[in-house]
Number of protein chains: 2
Amino acid sequence: MTKQRAVILEVIRSDMCHHTAEEIFTLAKERLPGISRATVYNNLKVLEAEKLIRRITGDSLSDRYDNSYIPHGHMICEECGGVKDFNLEGFDKMISEAIGSDFNSYELKVRYLCDACKAREGKCG
Amino acid sequence: MTKQRAVILEVIRSDMCHHTAEEIFTLAKERLPGISRATVYNNLKVLEAEKLIRRITGDSLSDRYDNSYIPHGHMICEECGGVKDFNLEGFDKMISEAIGSDFNSYELKVRYLCDACKAREGKCG
DNA sequence: AATGGTTTTTAGACTCATTCTAAATTAATT
DNA sequence: AATTAATTTAGAATGAGTCTAAAAACCATT
């Protein structure tokens with residue numbers, strides 16, 4: 001665990017946002033001005049392999065990172081792009097039965113309209 | 001519906017594979033040698049907006065396309081990369097309840113080890 | 001079947017996230 | 001301290017996807 005890797009992990013754990021690699025790079029640079037982009041990418045891979053973080057793909061152009069490796073759902077507002085976590089009771093068992101096998105992990109993204117954007121619907125401005 | 005768009009749709013519907021844009025481009029070119037990559041990308045967007053196909057993101061470097069717009073799960077073998085479809089009975093209702101709202105669509109990917117790769121595990125060669 | 005207007009296609013340039021590379025640095029081990 | 005292995009760095013390279021501007025196809029109306 002180098003100091004670069006520690007800072008990257010701290011950045012990811014410092015809030016509940018799902019940051020992109022670029023955002024993590026910017027935040028890490030505030031503490032380690034010399035850190036390189038490649039180091040961020042390298043360590044994001046290492047940290048995911050160590051199951052300390054989880055990569056979430058396909059929400060935006062760039063991948064994002066979740067500070068928890070434990071699988072859970074992501075609900076994404078189609079209007080504002082905001083991402084929230086949610087859990088599904090008994091979901092693991094349900095998947096195992098559906099696919100007829102154990103599994104290693106899953107990724108679930110639900111696209112919806114969040115309350116704030118729903119309230120704004122149809123209004124001007 | 002131009003002839004380019006028709007060919008692209010036929011290519012996607014011609015098998016149960018989840019092709020990348022590049023693969024679709026190559027296959028479409030066999031029938032329309034003059035077709036351009038940009039046309040493929042444009043039409044994939046149009047076809048998804050029309051709910052005739054569905055984009056699946058994050059399985060590999062490039063996006064893939066499903067010949068059905070109806071949401072369903074994808075089970076992806078971590079060893080060979082093979083993708084299969086599967087369905088979850090009553091899943092829609094389960095999600096609605098979990099997120100406390102209606103939703104527009106979802107994407108579910110499960111990573112596992114397929115039977116063929118499981119059988120190969122630990123063997124040499 | 002010519003007209004004018006809109007939509008689509010095309011080729012290639014462009015963007016941008018991510019990966020690769022090779023040299024330099026750091027950490028770990030003897 | 002010397003040796004080896006792992007990590008970091010800067011920048012080049014890759015490659016999926018987007019953008020652009022000009023040409024072509026399509027459409028509705030005379």
Side-chain angles (χ1 to χ4, degrees), chain A residues 1-12 17-66 74 76 78 81 83 107 109 111, chain B residues 1-12 17-66 74 76 78 81 83 107 109 111:
Chain A
M1 177 70 65
T2 62
K3 63 178 185 301
Q4 286 88 345
R5 186 169 305 165
V7 165
I8 289 165
L9 188 53
E10 276 169 39
V11 164
I12 295 168
C17 299
H18 303 84
H19 292 293
T20 62
E22 190 63 26
E23 287 164 2
I24 294 164
F25 171 59
T26 305
L27 290 166
K29 209 147 65 159
E30 288 173 8
R31 298 214 234 158
L32 289 175
I35 199 169
S36 126
R37 211 172 248 104
T39 300
V40 172
Y41 279 100
N42 287 344
N43 278 304
L44 289 173
K45 282 200 174 166
V46 172
L47 291 170
E48 202 195 10
E50 285 172 351
K51 312 202 174 186
L52 294 173
I53 63 174
R54 181 180 290 277
R55 181 160 66 124
I56 37 185
T57 59
D59 297 323
S60 57
L61 234 166
S62 19
D63 292 342
R64 294 180 174 277
Y65 290 86
D66 196 308
H74 290 113
I76 302 156
E78 291 204 312
V83 180
E107 185 170 356
K109 287 178 287 192
R111 310 206 163 260
Chain B
M1 178 70 63
T2 63
K3 63 178 186 299
Q4 286 87 346
R5 188 169 303 164
V7 165
I8 289 165
L9 188 54
E10 275 169 38
V11 164
I12 294 168
C17 299
H18 303 83
H19 291 294
T20 61
E22 190 64 25
E23 288 163 2
I24 294 164
F25 171 58
T26 305
L27 291 166
K29 208 145 69 158
E30 289 173 8
R31 300 213 233 157
L32 289 174
I35 199 170
S36 127
R37 212 173 246 104
T39 300
V40 172
Y41 278 102
N42 287 344
N43 279 304
L44 289 173
K45 282 199 174 169
V46 172
L47 291 169
E48 201 195 9
E50 285 172 352
K51 310 201 172 186
L52 294 172
I53 62 173
R54 181 179 290 279
R55 181 161 65 124
I56 33 185
T57 60
D59 297 321
S60 57
L61 235 166
S62 20
D63 292 343
R64 294 181 175 275
Y65 290 86
D66 196 309
H74 290 114
I76 301 157
E78 291 204 312
V83 180
E107 187 171 355
K109 288 178 287 192
R111 310 204 164 260

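The two atoms that bring B/Arg31 and B/Glu10 nearest to each other are NH1-OE1, 2.5 Å, heavy atoms only.
Taking OG1 of B/Thr39 as the start and CG of B/Leu44 as the end, the distance is 10.5 Å to the nearest 0.5 Å. The distance from atom OH of B/Tyr65 to atom CD1 of B/Ile53, rounded to the nearest 0.5 Å, is 6.5 Å.
Rounded to whole Å, atom P of D/dG15 lies 17 Å from atom CG of B/Asp63. Distance, A/Ile56 CD1 to C/dA17 P: 16 Å, rounded to whole Å. For the pair A/Asn43 CG and D/dT9 C1', the computed distance is 12 Å after rounding to whole Å. Across the protein-nucleic acid pair, B/His19 atom NE2 and D/dA16 atom C1' stand 18 Å apart, rounded to whole Å. The interatomic distance linking B/Arg5 (CZ) with C/dT7 (P) rounds to 12 Å, in whole Å. As a whole-Å value, the separation of A/Leu47 CG from D/dT8 P is 10 Å. Rounded to an integer number of Å, the gap from CE of A/Met1 to C1' of D/dT7 is 13 Å.
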Worksheet item: If you write DNA chain D from 5' to 3' in dot-bracket form, with Watson-Crick or G-U pairs under 3.5 Å, [ ] for crossing pairs and | for pairs with another strand, what do you get?
Response: ||||||||||||||||||||||||||||||

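Each of B/Leu27, B/Ile35, B/Leu32 was compared with B/Ile8 under the side-chain contact (heavy atoms from CB on, under 4.5 Å) criterion, and only B/Ile35 meets it.
Shown for residues 22-35 of chain B: residues whose heavy atoms fall under 4.0 angstrom of DNA chain C, namely B/Gly34, B/Ile35.
An OP1 or OP2 oxygen of C/dT9 is reached within less than 4.0 angstrom by a side-chain nitrogen or oxygen of B/Thr2. A close approach under 4.0 Å does occur between a side-chain nitrogen or oxygen of B/Gln4 and OP1 or OP2 of C/dT10.
A heavy-atom distance below 4.5 Å is found between the side chains of B/Lys109 and A/Thr57. Using a 4.5 Å cut-off on side-chain heavy atoms (C-beta onward), A/Thr26 and A/Glu23 make no contact. Under the 4.5 Å side-chain criterion, counting only non-hydrogen atoms from C-beta, A/His74 is not in contact with A/Arg64.
Formation of a donor-acceptor pair under 3.5 Å by the B/Arg111 side chain with backbone atoms of B/Glu78 is not found in this model.
Looking at heavy-atom distances under 4.0 Å, A/Thr39 makes contact with a base.
Residues satisfying the ring-ring contact (aromatic ring centres under 6.0 Å, His included) test with A/His19, not counting sequence neighbours, are none. Partners of A/Glu22 according to the salt bridge (Lys or Arg N to Asp or Glu O under 4.0 Å) rule, which considers only residues two or more places apart in sequence or in another chain, are A/Arg37. Under the salt bridge (Lys or Arg N to Asp or Glu O under 4.0 Å) criterion, B/Asp66 pairs with no residue, sequence neighbours left out.
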Review item, nucleotides 19-25 of chain C N/O atoms under 3.5 Å of protein N/O:
unit_1	atom_1	unit_2	atom_2	d
C/dT19	OP1	A/Lys45	NZ	3.4

